[in-house]
Each structure stands twice: as C-alpha cells, then as structure tokens.
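Everything below concerns the one structure shown next.
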Number of protein chains: 2
Amino acid sequence: MKLNEGIEWAVHCCSILASLPPGMALPARKLAEFFDLPEHYLAKHMQSLSQQGLVSSSKGPGGGYRLGRPATEIALLDIVLAIDGPAPHFRCTEIRRKGPSGVDDKCYGKPCGIARAMWRAETAWRDELGKVSLEEIRHTGLEETPHEQLEKSLAWFGDALK
Amino acid sequence: MKLNEGIEWAVHCCSILASLPPGMALPARKLAEFFDLPEHYLAKHMQSLSQQGLVSSSKGPGGGYRLGRPATEIALLDIVLAIDGPAPHFRCTEIRRKGPSGVDDKCYGKPCGIARAMWRAETAWRDELGKVSLEEIRHTGLEETPHEQLEKSLAWFGDALK
DNA sequence: ATAATAACGGATATAACATATCCGTTATAA
DNA sequence: TTATAACGGATATGTTATATCCGTTATTAT
C-alpha cells in the first residue's frame, strides 16, 4: 500500500502558503513551478484543499490560493484527509459471514474483532497526525532549510509575486 | 488509499489455524472454501505468511498450513507486514530539493519534517498493531461468533479433516 | 511403483486506482 | 476587452491489486 503522493505535495504547498505575507495569494501554477510538479495535477489537489476549506481561493489575475484559516488551526491530519479522502484504509468485507458456515446477517452484532483492531490502529495514526499543526511544519521546515535555498526561495517568490 | 484485502483474509485464516488441534494442518483449498475466497489467490497470500515463518507448511495429502509459532507470539502487525510488505506507506520524494530554489543534495541533513511527522504516525499505527496478539484475535473471535455458526464450523471442519 | 494431494514459484490476464492532461466555463483584475 | 486563474468534467496512461494458470517438487496413500 502506498499513500497518495499528492499528500506530500499538498503539505509542502500549505507550508509555503503559511509563510506568505497576509493578503497575498499564490496560484497553483507558481506552486507547481516552485516544486517542479505537474501543474494541472497539483491544481486538482489544491481544489481538494479548497473544498475542505483549508485554503481559500481567488480567481483572476493576482489571484490564487492562501490559507483558509491560521496555520495553528490546521492539522497535518486535515490536509491528509483532504487529499486521501475520509474512508478508512482497512475495509472489512465481513468474510466471517461467508462460506458454508455463515449464518444470517442479523446474528452478527458489532463489527468483528479483527476490523476493530485494524481501526484502532488507524485511529492511533490519525491521532498522531492530528497533533501536528501546519504551524509546526512550517516552523521546522524554515529552521531546517539550507540558508542558500532560503535566499533563492525568497528571491524567486519576490519575483513571482511582482 | 486502501489496504490490501488479503490482510483481512490472512488474519482470519491465521485465527482459524490458531484454533486447530495441535499437529493438524489445513490446506489453502479448505481455508478458501470455508471463507468463500478465490483459492489460488488466497494460496499466494498463505505463501507470503509461510515465507515470514508465521505459518509452516507441509506438502502432500494431509498436508497444508499450521501456525509457525504459538498464537501468543504472533502479533497482528506480523501478519499485516507479511501481506502488505515492509515499505512505509508514506514515501518522501524530497520535492523540497526540486525546482528553481533547490540546492545541492548534500546540503540536506536528515529527512524533512513532513516525512518525519508522517512516519511518526505510521509508527503509532504499527505500535498499535504490535500490541494485538493472534491469541487475542482468536479468543475475541470465538467469543463473538454466533453459536449456530460455531456449531456449523465445527461440523464442517470435522468433515474437512477426515 | 503409481496416483493423488498440496505447496511453491513464475508467468500471465484483468480490474481498480493513481497519475496526468485537456477542455470549456466562470469569475476577476488590469 | 484581454489575460489570468480557479473549477468541474472528461479522458488518457501507468501502476498496483486482484485473480488465474501452469509446471515443479515433496509427500502421503494405495
């Protein structure tokens, strides 16, 4: 199993948006260029973020994306779910009911113990993602970005936002 | 993202094997029949379990699969990894290094904070799966299986093991 | 010995999903 | 009026999961 690559893209893009001067917006085109990503496909992911309210969008020249709420109030989990969708990764198909020994559906109460255990693990995963704020991501990212890259980025965005 | 359906199959099958009288083995054919699963495909998954030592196999008539070690010493995590493979779900493609502002690879020390956060969540997931033993799965399963199904199952396996 | 069973590995076919592009539409700013 | 940019829908492509089939080897029962 592999997580959607768009998750990595979306988190990085949100982190950039979190560092944007208030009032400014970045179009998907610029974000794609900055990370060397396929423009149209990234645009699709940005639309998913927009639908969830994580970013707000404005059309037309000078338009683009900005954060939909403060970076302290966006969890890594929010971004992951926006891209990956809300469905649990483990899907119980109730094979315990199938086959020659299965009995009527109404004999089974709660979901089977195997599914419950798998879902508990998924809850632990989500909880961990829920603890991380976009602000933390942004801060750590800034701290750990090489100086040279930081300068190049500032210059590039300076030009881009002209 | 969706987890391999074979995980559900494998855990259920292991749970059956854990209830098998010592010395007995069940062929993939019988397991597939019992859960109404595609025989050859299930056989592939059983081979994965075998490669990891979770089950041991014996060829020829009367042969089949049995647990490779006591159910108390097999974690749900072991089964999940045997089927799903050891690779992490989140794969960092290092897009931070790409694009016009990226700098030389050796300027980047540890993996980026986003990947680290994603991997922390995955560790939480694995930890939770590591806490659950096959013996617990088996016990819970037995307790929650409808009486009628239990009787049918015993009869069916009785015939099957003749 | 011979026949039947069953795991095993490799090759292949099919279905589902992720990845990626394209197009027409709408909104908006210059 | 023109250019920009988000948006939604349709489509193409690639990759992975699902599923089957085959020949081989080991083993048991006849």
Side-chain angles (χ1 to χ4, degrees), chain A residues 1-10 13 17 23-33 35-66 68 80 82-85 87 89-91 93 95 160-162, chain B residues 1-10 13 17 23-33 35-66 68 80 82-85 87 89-91 93 95 160-162:
Chain A
M1 189 188 60
K2 191 176 149 303
L3 271 170
N4 196 318
E5 206 175 333
I7 291 177
E8 184 186 6
W9 304 357
C13 288
L17 295 184
M24 302 247 69
L26 266 185
R29 162 121 189 34
K30 285 293 166 196
L31 287 166
E33 209 178 321
F35 289 118
D36 192 24
L37 297 174
E39 177 183 339
H40 298 287
Y41 192 29
L42 175 64
K44 285 278 186 246
H45 290 311
M46 294 307 296
Q47 284 172 37
S48 299
L49 297 179
S50 178
Q51 278 161 23
Q52 297 304 312
L54 303 182
V55 302
S56 76
S57 65
S58 47
K59 295 178 177 176
Y65 294 99
R66 71 202 70 195
V80 169
I83 304 298
D84 198 41
H89 298 152
F90 180 83
R91 324 275 165 88
T93 63
I95 63 171
L161 292 171
K162 284 265 160 54
Chain B
M1 190 188 60
K2 190 176 147 303
L3 271 172
N4 196 316
E5 207 176 332
I7 291 176
E8 184 186 5
W9 303 359
C13 286
L17 295 184
M24 300 247 72
L26 265 185
R29 164 124 188 31
K30 283 294 165 194
L31 286 166
E33 209 179 320
F35 288 118
D36 193 24
L37 298 174
E39 177 184 338
H40 298 287
Y41 192 29
L42 175 65
K44 286 278 186 248
H45 290 311
M46 294 306 297
Q47 285 172 35
S48 300
L49 298 180
S50 178
Q51 277 160 24
Q52 297 304 311
L54 303 181
V55 302
S56 75
S57 64
S58 47
K59 294 179 175 175
Y65 294 99
R66 72 202 72 193
V80 169
I83 303 298
D84 199 40
H89 298 152
F90 179 83
R91 323 274 165 89
T93 63
I95 65 170
L161 292 172
K162 283 268 159 54

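Hydrogens, waters and symmetry mates are skipped; everything else that's a heavy atom, side chains included, is used.
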Are the side chain of A:Asp84 and the backbone N or O of B:Met1 linked by a donor-acceptor pair below 3.5 Å? yes
Looking at B:Arg29 and B:Glu39, would you say the former's side chain and the latter's main chain have a donor-acceptor pair under 3.5 Å? no
Compare side-chain N and O positions of [X] against OP1 and OP2 of [N] and report whether any pair is under 4.0 Å apart.
X	N	answer
B:Gln51	C:dG9	yes
B:Ser57	C:dA6	no
A:Ser50	D:dC7	yes

Nearest-nucleotide comparison on DNA chain D, the residue closer to the 5′ end among A:Met1 and A:Tyr65: A:Tyr65
I want to confirm an ordering. Mapping A:Lys2 and A:Gln47 to their closest nucleotides on DNA chain D, which one lands closer to the 5' end? A:Gln47
Would you indicate what A:Met46 reaches in the nucleic acid, counting non-hydrogen atoms under 4.0 angstrom: base, sugar-phosphate, or nothing? nothing
From the options D:dA3, C:dT19, D:dA6, select the nucleotide whose nearest atom is closest to the side chain of A:Pro61. D:dA3
Candidate nucleotides C:dA6, C:dT28, D:dA19, ranked by approach to the side chain of B:Trp9 - the nearest: D:dA19
Roughly how many Å is it from [atom1] in [X] to [atom2] in [N], rounded to a whole number?
X	N	atom1	atom2	value
B:Lys59	D:dA26	NZ	C1'	5 Å
A:His89	C:dC17	NE2	P	14 Å
A:Gln52	D:dA6	CD	C1'	17 Å
B:Asn4	D:dT16	CG	P	13 Å
B:Glu8	D:dT18	CD	P	11 Å
B:Ile83	D:dA19	CD1	P	14 Å
B:Arg91	C:dT19	CZ	C1'	15 Å
A:Arg29	C:dT21	CZ	P	13 Å

Residues of residues 37-45 of chain A with a heavy atom under 4.0 Å from any atom of DNA chain C, listed by number, are A:Pro38, A:His40, A:Tyr41, A:Lys44
Both A:Gly6 and A:Ser58 contact DNA chain C. Which one's nearest nucleotide lies toward the 5' end? A:Gly6
Whichever of A:Gly63 and A:Glu5 has the more 5' nearest nucleotide on DNA chain C, that residue is A:Glu5
If I compare all heavy atoms of [X] with all of [Y], which pair ends up nearest, and what's the gap?
X	Y	result
B:Met46	B:Val55	O-CG2, 4.0 Å
A:Ser58	A:Ala25	OG-CB, 4.3 Å
A:Glu5	B:Thr93	OE2-CG2, 3.6 Å

Can you find a pair of side-chain heavy atoms, one from B:Leu37 and one from B:Leu31, that are under 4.5 Å apart? no
Spatial distance of atom CD (B:Gln47) from atom OH (B:Tyr65) [nearest 0.5 Å]: 5.0 Å
Rounding to 0.5 Å, atoms SG (B:Cys13) and CD (B:Glu8) come to a distance of 10.0 Å
